[in-house]
Structures are given as C-alpha cells and as structure tokens.
Amino acid sequence: MLPKPTLILAIESSCDDTAAALVRDRKVLSNCIANQKIHEAYGGVVPELASRAHQSKIIPVVHQALAEANIDKNDLTAIAYTQGPGLLGSLLVGSAFAKSLALSLKVPLIPINHMQGHLLVHFIEEEGINTPEFPFLGVTVSGGHTQLVKVNSHFEMELLGTTLDDAIGEAFDKCGKQMGLNYPSGPEIDKLAQKGDPHKFEFPIPKVEGYDVSYSGVKTAFTNFISNQKQKDSNFVTNNLEDLCASLQYTLVQIILKKIEQVAKAFSLNQVVIGGGVAANSELRKQLMSRQKSHQWAVYLPPLKYTTDNAAMIGIAAYYKFLNKEYGTFSDASESRLNY
Ligand code: KG4
Ligand code: ZN
C-alpha cells in the first residue's frame, strides 16, 4: 500500500500579504494571497494596519485555499505557519490562527522560517521548477533581506553575507518614492526600465569588504542626484523617468551580482538559487541567466508566482519538517528576527 500523502495547510503573514496554501507532499494544490492595498497611501507598510488587515483577511483566504484545493479541513495532516522573521504584530495573527486550528483539529503544528521558505520553493514539484542539489548558494533578495547563504541541506543554512543597511527591495522602493512612484515600486521600476538606458546616469557601486553588501549609499546618491537636478529643471524626473529607472535598476542589480560572483568563487558553489520578491526583477534574471554560460553556473530562478511572499513556500518547507517529524509546540514564540 502506498503511504498516505501529507496534506498541509500553510499560513504566511510575516509582512503585508495574508497568504494560505494547500500542499500535498511536494505539490501545490492552491496558493492564495490577499494583498493589503491600504499601505499604498502611506508609501510603505504600516505595521499596526498590517496586523489589523491580517485579522480581517486570514479566514477568507484560508477558506479560499481549502476551496480551490477542494480539501476538507478535517483531512489536513498538519498546519504550518511563518514563525519569523517579519513584523511581530503580523506574525502573531498567523501563528494564533495556525495554533488554534491545529489544536481543534488535533494535528501537528509546524513553524517555518520565512527566509528558508523563500529558498525551498525550488523543491516544489511542478512544471517549470528545477530542484538544485546540495550544497548550493542561496540568495534571498526581498524588501526586508538581502542574504547570501550556503545551503547544505533543507534546514542547514549558513549565512555568509548580508546587507549592512537597506535590503535591495527597500532600495528599489525608497528610490521609487523619490520618483513619485507607488509603493512597492520595484515592479514599476522594472517595467519602466525596459524602455530606458541603463547607462544614462551613473550611481556608485559601494566597495564592501567580505561577503556583505550595502544599499544605503546608492539610495542617498540617487536621492541627492534627483533633488539637485530638480532644482535646475522641475520636470527632470518626469522627462527622464525611464532612464532613471533603468540606471537605478542596473546599479542595484550589479551590487548583488558582484557579491554573488565573489561568494560563488570563494566557496566553489556553482549552483545559484534565488528567492524573494526581487527575484522577479527582469534585469536580475537576465544577468544571472547570461552567467550560466560565462561562469558555468546552474541558475535556479523561481516562477514569478513564488517570488513575492506566498504560503506555498511555507508549505513546502513544512513538508520536509513533517518528514523529519520536527513539529512545533503551542508555546513557540513568533520572532521578528530569526536566524537560519
Ligand atoms: O519577498 P517579498 O514579497 O517581501 C519581503 O519579504 O520583503 O519582497 C517584496 C519586495 C518589494 O521591495 C518589491 O518592490 C520587490 O520585492 N519587488 C521587485 C520586483 N517585484 C517585487 N523589485 C524589483 N523588480 C521587481 N520586478
Ligand atoms: Zn519575503
């Protein structure tokens, strides 16, 4: 007799997306996300509003995930949730929900590290996803993190380098705000950059020792450049928007690419595995793919639907925890900072 498949309901609520997914073994049956539009008006995520929005969205999004997967909650094998890192108030909504449901259904509870989830999406069994072999170089690029990690096994990850200040996604968003773009502006900068000249304006690439990166210098240089130009021509941004986006994007991508090259060489890792919201960026994807040949790398890019925060990544990570019987307890605390 074949072993019974595992059926995991996963909840992700670390920032401003309320997400639920159903994962059967390594396959994703449903992957639902309720975005919180409310933050757009503030130009960034407002933590208190995020946790309130999670409270109102979590039940509908879980219902939607169960319905789309055509699964009855009584058939669930385990409940997984994001333990951290993230905004504490947001994390607490997901963990309280997951704990109550696990308690009432009498099934195991599985807490997951959000950053590990971003990298483990490459283990989902689905057309278009190739799974890397251990060890590999994992790179997480998001609104809150920019990390280079040596991944030895599903849950043995060594942090090699990180940002000393802003995350790459934060740099996209903050510079976008300077240009009057809506939050989060990464996707819009990417779109506008398609028609711009990446070499029209030059911004500095910081020299950071070791395997860390820094993004605050570019952000400051970009902000100062724009305000100086605006003093000479009030329409400077509008008249140069596409070139500004292309030049900014080029610089932000070059910073992480140079570190990836350095770390891959130093640790003899030729599989480069990307995760996180900025993994959707077309310039980053293009530059990485072109290095498959020139650097003899195998590059693993997630499908776009698994780049920004989602619960499928929590579900696949939980599947491997479930196989090892690594369950959590009801007293596990949510952690705004959580190491690998
Ligand atoms: O992983 P994610 O959804 O949330 C965090 O854990 O932070 O990443 C969100 C970030 C935002 O900063 C957003 O601007 C950025 O990912 N982003 C992009 C693109 N799509 C999303 N940045 C550049 N180009 C994109 N196409
Ligand atoms: Zn994320």
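Note that ligands are numbered from 1 as they come in the structure, with each ligand's atoms numbered from 1 the same way.
Among protein heavy atoms, atom 26 (N) of ligand 1 sits closest to Asp190 OD2, 2.9 Å. Regarding atom 2 (P) of ligand 1, its nearest protein heavy-atom neighbour is Asp309 OD1, 3.3 Å. For atom 15 (C) of ligand 1, the closest heavy atom belonging to the protein is Val278 CG2, 3.9 Å. The protein heavy-atom contact nearest to atom 10 (C) of ligand 1 is Gly143 N, 3.5 Å. Here the protein heavy atom with the shortest distance to atom 22 (N) of ligand 1 is Gly186 CA, 3.4 Å. Protein heavy atom nearest atom 14 (O) of ligand 1, with residue, atom name and distance: Asp173 OD1, 2.7 Å. Among all non-hydrogen protein atoms, the one lying nearest atom 8 (O) of ligand 1 is Gly277 CA, 3.3 Å.
Numbered from 1 in the order shown, with element, the atoms of ligand 1 that lie under 4.0 Å from a heavy atom of Gly169 read 12 (O). Short contacts between ligand 1 and Gly144, defined as distances under 4.0 Å to a heavy atom of the residue, involve ligand atoms 7 (O). For ligand 1, the atoms sitting less than 4.0 Å from at least one non-hydrogen atom of Ala280 are 20 (N), 26 (N), numbered in the order shown with element in parentheses.
Among Asn152, Thr140, Val151, the one residue that satisfies the side chain to side chain contact (heavy atoms under 4.5 Å, CB included) test with Met157 is Val151.
Note on the Zn ion (ligand 2): protein N, O or S atoms under 2.8 Å away count 3, no waters included.
The distance between the ring centers of His199 and Tyr250 falls below 6.0 angstrom. With ring centers used as reference points, Tyr211 lies under 6.0 Å from Phe267.
Between Gly276 and ligand 1, a contact under 3.5 Å exists for no N or O pair. An N or O contact shorter than 3.5 Å is missing between Phe172 and ligand 1 by distance.
Listed for the Ser185 side chain is no donor-acceptor partner under 3.5 Å among the backbone atoms of Leu181. The main-chain N or O of Val299 is found under 3.5 Å from a side-chain atom of Gln292 such that the two form a donor-acceptor pair.
Contacts of His118 with ligand 1, taken as heavy-atom pairs under 4.0 Å, involve the side chain alone. The proximity of Gln249 to ligand 1, defined as any non-hydrogen pair under 4.0 Å, does not occur for either the backbone or the side chain. By the criterion of a heavy-atom distance under 4.0 Å, both the backbone and the side chain of Asn281 are placed next to ligand 1.
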Open item on the list: Let's go through Phe225 and Phe201 carefully: what are the C-alpha distance in whole Å and the side-chain angles of both, what is the deciding distance for ring-ring contact (aromatic ring centres under 6.0 Å, His included) to 0.1 Å, and is it a yes or a no?
Closed with: CA-CA 10 Å; Phe225 175 71; Phe201 306 109; 5.3 Å; yes

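Side-chain contact, Thr329 with Asp332: a donor N or O sits under 3.5 Å from an acceptor N or O.
Remark: Phe134 pairs with Phe123, Phe136, His154 by the ring-ring contact (aromatic ring centres under 6.0 Å, His included) rule, at least two apart or across chains.
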